[in-house]
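Below: one structure, written as structure tokens.
The basis for the numbers below is simple: all heavy atoms, side chains too, and nothing from hydrogens, waters or symmetry mates. Because the structure is predicted, anything quoted here is derived from the model rather than measured.
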Amino acid sequence: MDIIKLTPSIFICQDDNYYLVNSCCVILDSELIFIDTGLNNNTAKKFVREMKNRTDMKNIKLVLTHAHGDHIGGIKPFENCPIIVSKYFHGSLNENMKRYNWGEKRKKYYNLLDFDVLTNQKIIGDEDNYIIFKQMGGHSPESIYGYFPKDKVLIAGDNLLSKMPQYFPFSNTNLDDWIIGLQEWEKMDIDWVVVGHGDVVKKDHITRVREFFEELVLFLERSTSEKLSVEQVLSHEHCPTYFEDDPEKWTVMGIEAYYKRMLE
Ligand SMILES: [Zn+2]
């Protein structure tokens, strides 16, 4: 794992054992706000300890951008602090528990935690040093993001990845909501984006991803009206390709899954 100082107030913990998954810590006046936990307890524990040592602060809160295992798996160091999530978090968490067969012990454990549900947005901190969290959906219905105005930093969760394609083969991904969210981000004053996986990016990455998704949705809508089969879509000369390396063919997986749902 690497701890990266992005600004004096923002530190990123990147785990190269699992697709460069990021968790993040924002230093407010009297507390530390952690965003996502990464995949496992040990890495999360080291990150929390390191940030407490660096800042001499004891009070922490955790915000979970969404309910996927690689962002909530390291939750143990946070079991005694408030955990802020989307109002759609528990619905998605229950589905994921079933889908990935997480077992009774882990299910009971999550039910004991102190969740604080965000309706549309939540602000944590003081006048000049605060972070705002907002509901977005897109990658998954419970996806939220954070924005730290002082340093103009956006914390995107898995609604933005870098150095790898965007990931959308899930049955509850909504590309329309995703595009609307990306359009909102493009209007905001942003210097850096902390992505769910990969290295920090500038705002131009948001635009490239939004353009890719817009082209894809238009192509898939046209394909449904022409009644093309999944095979015809995937081999079509106008089927968009992603602009970064895609060694595990996530884009094809995503298009296949999304188009099948559009045909239903
Ligand atoms: Zn992820």
> With side chains defined as the heavy atoms from C-beta onward, is the minimum distance between L220 and I255 less than 4.5 Å?
Replying inline: yes
>> Do L6 and L32 sit in one hydrophobic cluster, given that two such residues count as connected whenever their side-chain heavy atoms are within less than 4.5 Å of each other, even indirectly?
In response: no
>> Donor-acceptor check, side chain of T65 to backbone of G157, threshold 3.5 angstrom: yes or no?
In response: no
> Aromatic ring centroids of H205 and F243 under 6.0 Å?
Replying inline: yes
> Any side-chain heavy atom of I155 within less than 4.5 Å of one from I131?
Replying inline: yes
>> Counting the benzene-type ring for Trp, do Y19 and W250 have ring centres under 6.0 Å apart?
In response: yes
>> Has Y109 got a side-chain atom pairing as donor or acceptor with E104's backbone, closer than 3.5 angstrom?
In response: no
> F148 versus N129: any side-chain heavy-atom pair under 4.5 Å?
Replying inline: yes
>> Tell me whether the count of non-hydrogen atoms from other residues, nucleotides or ligands lying under 6.0 Å of CG in D245 goes above 12.
In response: no
>> Assigning hydrophobic clusters by single linkage (Ile, Leu, Val, Met, Phe, Trp, Tyr; side-chain heavy-atom cutoff under 4.5 Å), is I144 placed with I33?
In response: yes
> Quick one: ring pair (Phe, Tyr, Trp, His ring centres under 6.0 Å) partners of F11, sequence neighbours excluded?
Replying inline: none
> With no hydrogens and no angle check, is any side-chain donor or acceptor of N22 less than 3.5 Å from a backbone partner on D199?
Replying inline: no
>> Test of understanding: with side-chain contact (heavy atoms from CB on, under 4.5 Å), list the residues that count as partners of D116, not counting sequence neighbours.
In response: I84, K122
> Does N174 use its side chain to pair, donor to acceptor, with the backbone of D176 at less than 3.5 Å?
Replying inline: yes
>> Does this structure show an ion pair linking K260 with E256, if we count only N-O contacts that are shorter than 4.0 Å?
In response: yes
> Hey, would you say the W185 and Y145 ring centroids sit under 6.0 Å apart?
Replying inline: yes
>> So which atom in P240 and which in F219 form the shortest heavy-atom distance, rounded to 0.1 Å?
In response: CD-CD2, 3.7 Å
>> Checking D36 against S23: is there a side-chain donor and acceptor pair closer than 3.5 Å?
In response: no
>> Can you confirm whether K150 sits close enough to Y130 that some side-chain heavy atom of one is under 4.5 Å from a side-chain heavy atom of the other?
In response: no
> Are the aromatic ring centres of F47 and F34 under 6.0 angstrom apart?
Replying inline: yes
>> A side-chain contact here means heavy atoms from C-beta on lying under 4.5 Å apart; do P141 and S92 qualify?
In response: yes
> Does R210 pair with E186 as a salt bridge, N-O distance under 4.0 Å?
Replying inline: yes
>> With heavy-atom distances below 4.5 Å as the criterion, would you say the side chains of I190 and K152 are in contact?
In response: no
> Which heavy atom of D177 sits nearest a heavy atom of G138, and at what distance?
Replying inline: CB-N, 3.9 Å
> Is the F115 to Y110 ring centre distance short of 6.0 Å?
Replying inline: no
> Does H90 offer a backbone N or O that forms a donor-acceptor pair with the side chain of E142 under 3.5 Å?
Replying inline: no
> Can you name the nearest heavy-atom pair linking P82 to I60, along with the distance?
Replying inline: CD-O, 3.9 Å
>> With a 4.5 Å cut-off on side-chain heavy-atom distances among I, L, V, M, F, W and Y, is there a chain of contacts connecting V48 to I3?
In response: yes
>> Between D246 and K249 (side chain of the first, backbone of the second, donor and acceptor by atom type, cut-off under 3.5 Å), is there such a pair?
In response: yes
>> Between Y147 and M136, is there shared hydrophobic-cluster membership here, with clusters defined by ILVMFWY side-chain heavy atoms closer than 4.5 Å?
In response: yes
>> Working to the nearest 0.5 angstrom, can you tell me the gap between I35 CD1 and C25 SG?
In response: 8.0 Å
> Can you list the residues that meet the salt bridge (charged side-chain N to carboxylate O under 4.0 Å, His left out) rule with K202, with sequence neighbours excluded?
Replying inline: none
>> If I take atom NZ from residue K52 and atom CG from residue N59, how far apart are they, to the nearest 0.5 angstrom?
In response: 9.0 Å
> Heavy-atom distance under 4.5 Å between the side chains of V209 and L182, does that happen here?
Replying inline: yes
> Given M1 and K46, is the side-chain contact (heavy atoms from CB on, under 4.5 Å) satisfied, shown in steps?
Replying inline: CA-CA 9 Å; M1 83 184 239; K46 278 186 210 154; 3.9 Å; yes
> Using the benzene-type ring in the case of Trp, are the ring centres of F170 and H139 under 6.0 Å apart?
Replying inline: yes
> How far apart are the closest heavy atoms of P165 and T251, and which atoms are they?
Replying inline: CB-OG1, 3.7 Å
>> Do the side chains of K98 and E95 get close enough for a salt bridge, i.e. N-O under 4.0 angstrom?
In response: no
> Does Y242 reach the side chain of V252, with side-chain heavy atoms less than 4.5 Å apart?
Replying inline: no
>> Tell me whether E226 contacts the main-chain N or O of S223 through its side chain, where contact means a donor paired with an acceptor under 3.5 Å.
In response: no
>> Under the side-chain contact (heavy atoms from CB on, under 4.5 Å) test against W178, which residue among L160, V217, T173 passes?
In response: T173
>> With a 3.5 Å distance limit and no angle check, can you tell me whether H68 reaches the backbone of D70 through a side-chain donor-acceptor pair?
In response: no
> Is K163 salt-bridged to E244, cutoff N-O under 4.0 Å?
Replying inline: no
>> Starting from V193, can I reach Y167 by hopping between I/L/V/M/F/W/Y residues whose side chains sit under 4.5 Å apart?
In response: no
>> To check you understand the geometry: which heavy-atom pair defines the closest contact between R261 and S171, and what is its length?
In response: CZ-O, 3.0 Å
> Within the distance-only criterion (no hydrogens, no angle test), does the side chain of S86 pair as donor or acceptor with the backbone N or O of S143 below 3.5 angstrom?
Replying inline: no
>> So which atom in D151 and which in S9 form the shortest heavy-atom distance, rounded to 0.1 Å?
In response: OD2-CB, 3.6 Å
>> I need the T7 OG1 to I10 CD1 distance, nearest 0.5 Å.
In response: 4.5 Å
>> Between L228 and H236, does the side-chain contact (heavy atoms from CB on, under 4.5 Å) criterion hold? Intermediate values first, please.
In response: CA-CA 10 Å; L228 298 188; H236 201 285; 3.8 Å; yes
> So, Q14 and D2: side-chain donor and acceptor under 3.5 Å apart, yes or no?
Replying inline: no
> Are N40 and T43 close enough, and set up right, to give a side-chain hydrogen bond (donor to acceptor under 3.5 Å, both in side chains), and what steps lead you there?
Replying inline: CA-CA 6 Å; N40 68 65; T43 308; 3.0 Å; yes
> About how many Å separate CG of L93 and NE2 of H66, when rounded to the nearest 0.5 Å?
Replying inline: 12.0 Å
> Under the 3.5 angstrom rule, does the side chain of E31 hit a backbone N or O of M57 as a donor-acceptor pair?
Replying inline: no
